[in-house]
Amino acid sequence: MIELRHIQKTYPSAAHETAVLMNLSLVVQAGEFVAIMGPSGCGKSTLLNLLGLLDEADSGHYLFNQADVTHLSERQNDLFRHRHIGIIFQRFNLIDELSIYENVELPLVYAGMASQERSRRVTDLLEQLRLMPRRHHRPAQLSGGQQQRTAIARALAVGPSLLLADEPTGNLDSVNREAVMRLLTDINEAGTTIIMVTHSELDALYAHRIVRMLDGQLTE
């Protein structure tokens with residue numbers, strides 16, 4: 001499903017360019033649950049941003065279901081991401097001014113889905129993630145676990161084939177951490193490919209495979 005070929009990514013600094021990803025190649029099969037681990041600064045988040053089409057490689061190729069998506073335009077990136085990729089952010093990235101229902105609905109508005117279909121889809125997700133009683137609340141009125149479940153519902157709204165998770169339990173206590181990881185396992189078992197960046201060895205145990213990074217390269 002996912003194939004990265006010889007990806008190179010650098011960022012300019014005051015004195016020189018800093019290489020963040022160096023000749024990185026990776027294959028992820030459809031239906032896999034892959035955990036990416038490594039120390040802070042090794043390139044994990046940059047890799048996840050590239051996979052989510054939030055950033056672009058300097059060189060190399062990114063193939064998604066055999067289609068080369070390495071150098072799409074900004075609009076093409078947005079359209080492709082809205083149709084195929086869901087992203088769960090560590091800090092939730094919910095919009096404070098919107099209700100939980102409206103936060104989950106927003107990607108469907110961008111995707112141009114009709115109002116009646118949006119309502120059905122959002123209601124199904126909120127019921128599945130046990131959030132219906134909170135649908136009119138704002139994010140600040142929820143616990144950390146409820147906010148993360150809302151972020152997961154939003155990421156799943158368009159029915160993505162690939163779900164990217166950036167430290168999905170990083171801001172949660174142990175009870176909510178386990179609940180979120182069980183939920184991700186259920187999502188994966190239903191057919192969604194998941195790539196998760198984590199520092200947690202416990203979270204990584206839920207994955208089918210662990211990929212470790214060091215200094216912008218895969219070490220195993």
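Because the structure is predicted, anything quoted here is derived from the model rather than measured. Atoms considered below: every heavy atom in the structure, side chains included; atoms not considered: hydrogens, waters and symmetry mates.
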Open item on the list: Please find the pair of heavy atoms, one from Ile95 and one from Asn103, that lie closest to each other, and give the distance.
Closed with: N-OD1, 2.8 Å

Open item on the list: Under 3.5 Å, is there a donor on one side chain and an acceptor on the other for Tyr11 and Asp55?
Closed with: yes

Task: Arg5 side chain near Leu63 side chain, heavy-atom distance below 4.5 Å - done: yes

- [ ] Find out whether Thr18 and Thr10 are in side-chain contact, i.e. whether some heavy atom of one side chain is under 4.5 Å from a heavy atom of the other.
- [x] no

Open item on the list: Please give the remaining members of the hydrophobic cluster of Met22, linking ILVMFWY side chains under 4.5 Å, ordered by chain and number.
Closed with: none

Which pairs of donor and acceptor atoms, one on a side chain in residues 40-47, lie under 3.5 Å apart (sequence neighbours left out)?
unit_1	atom_1	unit_2	atom_2	d
Lys44	NZ	Gly38	O	2.9
Lys44	NZ	Pro39	O	3.2

Task: Closest non-hydrogen atom pair between Val28 and Arg209, with its separation - done: CA-NH2, 3.9 Å

Task: Sub-4.5 Å side-chain heavy-atom contact between Thr192 and Phe33 - done: no

- [ ] Only counting residues at least two apart or in another chain, list the ones meeting salt bridge (charged side-chain N to carboxylate O under 4.0 Å, His left out) with Asp173.
- [x] none

Open item on the list: Looking at every heavy atom in both Glu102 and Leu98, which two are closest together, and how far apart are they?
Closed with: OE1-CA, 3.4 Å

- [ ] Answer yes or no: are there more than 12 heavy-atom neighbours, outside Arg83 itself, under 6.0 Å from its atom CZ?
- [x] no

- [ ] Give the minimum heavy-atom separation between His71 and Ala57, together with the two atoms involved.
- [x] CE1-O, 3.8 Å

Task: Contacts of Phe64 that satisfy ring-ring contact (aromatic ring centres under 6.0 Å, His included) - sequence neighbours left out - done: Phe80, His84

- [ ] Evaluate the side-chain proximity of Ile195 to Leu48: yes if any heavy-atom separation is below 4.5 Å, no if none is.
- [x] yes

TODO: List for me each residue that meets salt bridge (charged side-chain N to carboxylate O under 4.0 Å, His left out) alongside Arg134, sequence neighbours excluded, and say none if there are none.
DONE: none

Open item on the list: When you group the ILVMFWY residues by side-chain heavy-atom contacts below 4.5 Å and let the links chain together, are Leu53 and Val34 in the same group?
Closed with: yes

Task: Pairing residues for Glu201 by the salt bridge (charged side-chain N to carboxylate O under 4.0 Å, His left out) criterion, not counting sequence neighbours - done: Arg212

Task: Reported CG-to-CD1 distance for the pair Leu125 and Ile100, which is rounded to 0.5 angstrom - done: 13.5 Å

Task: Sequence neighbours excluded - side chain to side chain donor-acceptor pair (under 3.5 Å) pairs with any residue from residues 141-155 - done: Ser143-Gln146

- [ ] Begin with the C-alpha distance, continue with both residues' side-chain angles, and end with the deciding distance and a verdict on salt bridge (charged side-chain N to carboxylate O under 4.0 Å, His left out) for Arg182 and Glu178.
- [x] CA-CA 6 Å; Arg182 286 201 306 266; Glu178 186 175 350; 3.2 Å; yes

Open item on the list: With rounding to the nearest 0.5 angstrom, report the OG1 to OH distance, Thr198 to Tyr206.
Closed with: 11.5 Å

TODO: Looking only at non-hydrogen atoms, find the nearest pair between Gly216 and Leu24 and report the distance.
DONE: O-CD1, 3.9 Å

Task: Side chain proximity check, Leu21 to Leu50, heavy atoms < 4.5 angstrom - done: yes

TODO: With sequence neighbours excluded, tell me which residues meet salt bridge (charged side-chain N to carboxylate O under 4.0 Å, His left out) with Glu56.
DONE: none

Open item on the list: Taking side chain to side chain donor-acceptor pair (under 3.5 Å) as the cut-off, I'd like each qualifying pair that reaches into residues 124-133, sequence neighbours left out, listed once.
Closed with: Arg120-Asp124

Open item on the list: Quick check: do Ile85 and Leu51 have side-chain heavy atoms less than 4.5 Å from each other?
Closed with: no

TODO: Can you tell me which residue pairs pass the ring pair (Phe, Tyr, Trp, His ring centres under 6.0 Å) test with a partner in residues 153-201, sequence neighbours excluded?
DONE: none

Task: Heavy-atom check, side chain of Ile88 versus side chain of Asp166, under 4.5 Å - done: no

Open item on the list: Any salt bridge linking Arg138 with Asp96? Criterion: basic side-chain nitrogen under 4.0 Å from a carboxylate oxygen.
Closed with: no

Task: Selection residues 90-147 - residue pairs positive for ring pair (Phe, Tyr, Trp, His ring centres under 6.0 Å), sequence neighbours left out - done: His82-Tyr110

Task: Other ILVMFWY residues reachable from Leu79 by side-chain steps of under 4.5 Å - done: none

Open item on the list: Quick one, His208 and Asn188 - any side-chain contact, counting heavy atoms below 4.5 Å?
Closed with: yes

Open item on the list: Testing the basics here: between Ala157 and Val104, what is the closest heavy-atom pair and its distance to 0.1 Å?
Closed with: CB-O, 3.6 Å

